[in-house]
Engineer: 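Supplied in C-alpha cells, the structure appears directly below.
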Amino acid sequence: YKRLQECLKQVKKDENKVLFLGLKLSEIGILTQEYYIQQIKKIASYYEDKQILYISHRGENQEKLNKIKQLKNIHIIVLDYPVELYGLYKDTIPYKVSSFYSTALYTMKNIYDIEAESFMFDFEDFEHKNTILNVYDYYKKYFKVIDLNA
C-alpha cells in the first residue's frame with residue numbers, strides 16, 4: 001500500500017461526496033432486496049447533504065441497482081478494477097468511505113487517509129448473527145459503526 005499511497009498524494013478529498021461500497025447481500029440471500037433497499041434509503045437520508053457514489057459490487061442485481069439509482073443523492077458507479085485503485089483514475093476522492101461491511105473499508109481508510117463508517121443492519125434473526133456481531137465489534141476499534149435500527 002505504501003507505493004499506492006505515494007502515487008495518490010496529490011489526489012484531493014471532496015467534502016461533498018461519500019463513497020459507498022455496495023454488497024450483494026440480497027443476491028446471496030442474507031437480506032431480501034426490499035430490506036437492502038430500505039437500508040440504503042436510510043443511508044441516503046443519513047448523508048442527505050452529500051452526494052453518494054455507490055460502487056456496485058460484482059454480481060449485484062441490475063433491478064436492485066436501478067431502484068437505488070432513483071434515490072436523489074445516489075449515483076451508481078460500476079468499476080472494472082478494485083475500488084482501492086479508484087483515486088488513480090480520478091482527480092478527487094470522496095472524503096469518506098462507507099458500507100455495511102467490507103475489508104475495503106479498512107484498506108480505503110488507510111490508503112487514502114479518509115474517514116470510514118460502517119452501517120449495521122438488524123441481523124438478530126440470522127443464523128450467523130454472532131459472527132456478524134464480531135465483525136462489527138472489530139470495526140468499532142477502527143471506525144464509526146452506525147446502527148440503522150437504533
Engineer: Quick one: does Asp122's side chain have a donor or acceptor within less than 3.5 Å of a partner on Glu124's backbone?
Structural biologist: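 A pair under 3.5 Å: yes.
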Engineer: Does a donor on one side chain sit under 3.5 Å from an acceptor on the other, for Tyr139 and Glu117?
Structural biologist: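 No - no donor-acceptor pair under 3.5 Å links their side chains.
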Engineer: Would you say Glu27's side chain and Asn61's backbone share a donor-acceptor pair under 3.5 angstrom?
Structural biologist: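 Side chain of Glu27 to backbone of Asn61: a pair is present.
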Engineer: Within the 4.5 Å heavy-atom criterion, are Leu4 and Leu85 side-chain neighbours or not?
Structural biologist: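 Yes, their side chains come closer than 4.5 Å.
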Engineer: Look up atom OG in Ser56 and atom CG in Leu21, then write down how far apart they are to the nearest 0.5 Å.
Structural biologist: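 Reported value, rounded in 0.5 Å steps: 10.5 Å.
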Engineer: Begin from the C-alpha positions of Thr131 and Leu133 and carry the test side-chain contact (heavy atoms from CB on, under 4.5 Å) through to its verdict.
Structural biologist: CA-CA 5 Å; Thr131 303; Leu133 184 59; over 6 Å; no
Engineer: Using only atom types and a distance under 3.5 Å, with no angle test, would you say the side chain of Thr32 pairs donor to acceptor with the backbone of Tyr35?
Structural biologist: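 Checking the backbone N and O of Tyr35 against the side chain of Thr32, a donor-acceptor pair under 3.5 Å is found.
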Engineer: Would Leu53 and Val18 count as a side-chain contact (heavy atoms from CB on, under 4.5 Å) here? Give the steps.
Structural biologist: CA-CA 6 Å; Leu53 304 179; Val18 174; over 6 Å; no
Engineer: Taking the side chain as everything from C-beta on, heavy atoms only, tell me whether Pro94 gets closer than 4.5 Å to Asp14.
Structural biologist: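 Of all side-chain heavy-atom pairs linking Asp14 with Pro94, none is under 4.5 Å.
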Engineer: With rounding to the nearest 0.5 Å, note down the distance linking CE in Met108 to CG in Leu19.
Structural biologist: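 Rounded to the nearest 0.5 Å, the CE-CG separation comes to 5.0 Å.
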Engineer: Could you report the tightest heavy-atom contact between Leu79 and Val83, atom names first, then the distance?
Structural biologist: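 Between these two residues, the closest heavy atoms are CD1-CA, 3.9 Å.
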Engineer: Any side-chain heavy-atom pair from Ile28 and Leu23 closer than 4.5 angstrom?
Structural biologist: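 A side-chain contact is absent here, since even the closest heavy-atom pair is not under 4.5 Å.
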Engineer: Dump the intermediate steps for side-chain contact (heavy atoms from CB on, under 4.5 Å) on Val78 and Glu60, then the final yes or no.
Structural biologist: CA-CA 10 Å; Val78 178; Glu60 275 193 278; over 6 Å; no
Engineer: Determine the minimum heavy-atom distance between Lys109 and Val97, stating which atoms define it.
Structural biologist: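 What the structure gives for the nearest pair is N-CG1, 4.5 Å.
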Engineer: Any side-chain heavy atom of Met120 sitting closer than 4.5 Å to one from Phe100?
Structural biologist: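 No; the side chains remain at least 4.5 Å from each other.
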Engineer: Does atom NZ of Lys12 have more than 12 heavy-atom neighbours from other groups under 6.0 Å away?
Structural biologist: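 Not buried by this count: 12 neighbours or fewer within 6.0 Å.
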Engineer: Between atom CD of Gln62 and atom CD1 of Ile76, what is the distance when rounded to the nearest 0.5 Å?
Structural biologist: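 Atom-to-atom, Gln62:CD and Ile76:CD1 are 8.5 Å apart.
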Engineer: Taking the six-membered ring of Tyr36 as reference, does the cationic atom of Lys64 (NZ for Lys, CZ for Arg) lie under 6.0 Å from its centre and within 45° of its axis?
Structural biologist: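 Positive - Lys64 is close enough to the ring of Tyr36 and near enough to its axis.
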Engineer: Answer yes or no: is there a side-chain heavy-atom contact under 4.5 Å between Asp91 and Val11?
Structural biologist: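 Not in contact.
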Engineer: Are Lys144 and Glu115 close enough for a salt bridge, meaning some N to O gap below 4.0 Å?
Structural biologist: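 The answer is no: the pair does not qualify as a salt bridge.
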Engineer: Would you indicate whether the side-chain heavy atoms of Tyr95 and Lys50 approach each other to under 4.5 Å?
Structural biologist: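 Lys50 reaches Tyr95 side chain to side chain.
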Engineer: So which atom in Tyr86 and which in Ile93 form the shortest heavy-atom distance, rounded to 0.1 Å?
Structural biologist: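 Shortest heavy-atom separation between Tyr86 and Ile93 comes out as CD2-CD1, 3.3 Å.
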Engineer: Could you label the plane-to-plane angle of the Phe123 and Phe121 rings as parallel, tilted or perpendicular, counting under 30° as parallel and over 60° as perpendicular?
Structural biologist: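 Taking Phe121 first and then Phe123, their aromatic rings stand perpendicular (interplane angle over 60°).
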Engineer: Please determine which of Phe143, Tyr101, Tyr47 meets the ring-ring contact (aromatic ring centres under 6.0 Å, His included) test together with Phe119.
Structural biologist: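 Filter result, single survivor: Tyr47.
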Engineer: What distance do Leu71 atom CG and Ile37 atom CD1 have between them, rounded to the nearest 0.5 Å?
Structural biologist: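 With rounding to 0.5 Å, CG (Leu71) is 8.5 Å from CD1 (Ile37).
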Engineer: Using the rule given for side-chain contact (heavy atoms from CB on, under 4.5 Å), can you reason through Tyr46 versus Ile146, listing the C-alpha separation, both sets of side-chain angles and the distance that settles it, and then say yes or no?
Structural biologist: CA-CA 10 Å; Tyr46 181 83; Ile146 301 150; 3.4 Å; yes
Engineer: How many angstroms lie between CG in Leu65 and CD1 in Ile74, if you round to the nearest 0.5 Å?
Structural biologist: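 It is 10.5 Å, given to the nearest 0.5 Å.
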Engineer: Can you say whether the rings of Tyr106 and Tyr142 are parallel (under 30°), tilted (30 to 60°) or perpendicular (over 60°)?
Structural biologist: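 Geometry flag for Tyr142 against Tyr106: perpendicular rings.
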Engineer: Quick one: are Asn16 and Gln51 in side-chain contact, heavy atoms under 4.5 Å?
Structural biologist: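 In short, these two side chains do not touch, never coming nearer than 4.5 Å.
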Engineer: With distance as the sole test, does Tyr112 use its side chain to make a donor-acceptor pair with the main-chain N or O of Gly87 at under 3.5 Å?
Structural biologist: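 Yes: the side chain of Tyr112 pairs with the backbone of Gly87.
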Engineer: Between the main-chain N or O of Lys67 and the side-chain N or O of Gln70, is there a donor-acceptor pair closer than 3.5 Å?
Structural biologist: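 It does not hold such a pair.
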Engineer: Would you call Glu63 and Asn66 a side-chain contact if the rule is heavy atoms closer than 4.5 Å?
Structural biologist: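 Answer no - side chains too far apart.
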Engineer: Between CD of Gln39 and CG of Leu148, what distance do you get to the nearest 0.5 Å?
Structural biologist: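 The distance works out to 5.0 Å.
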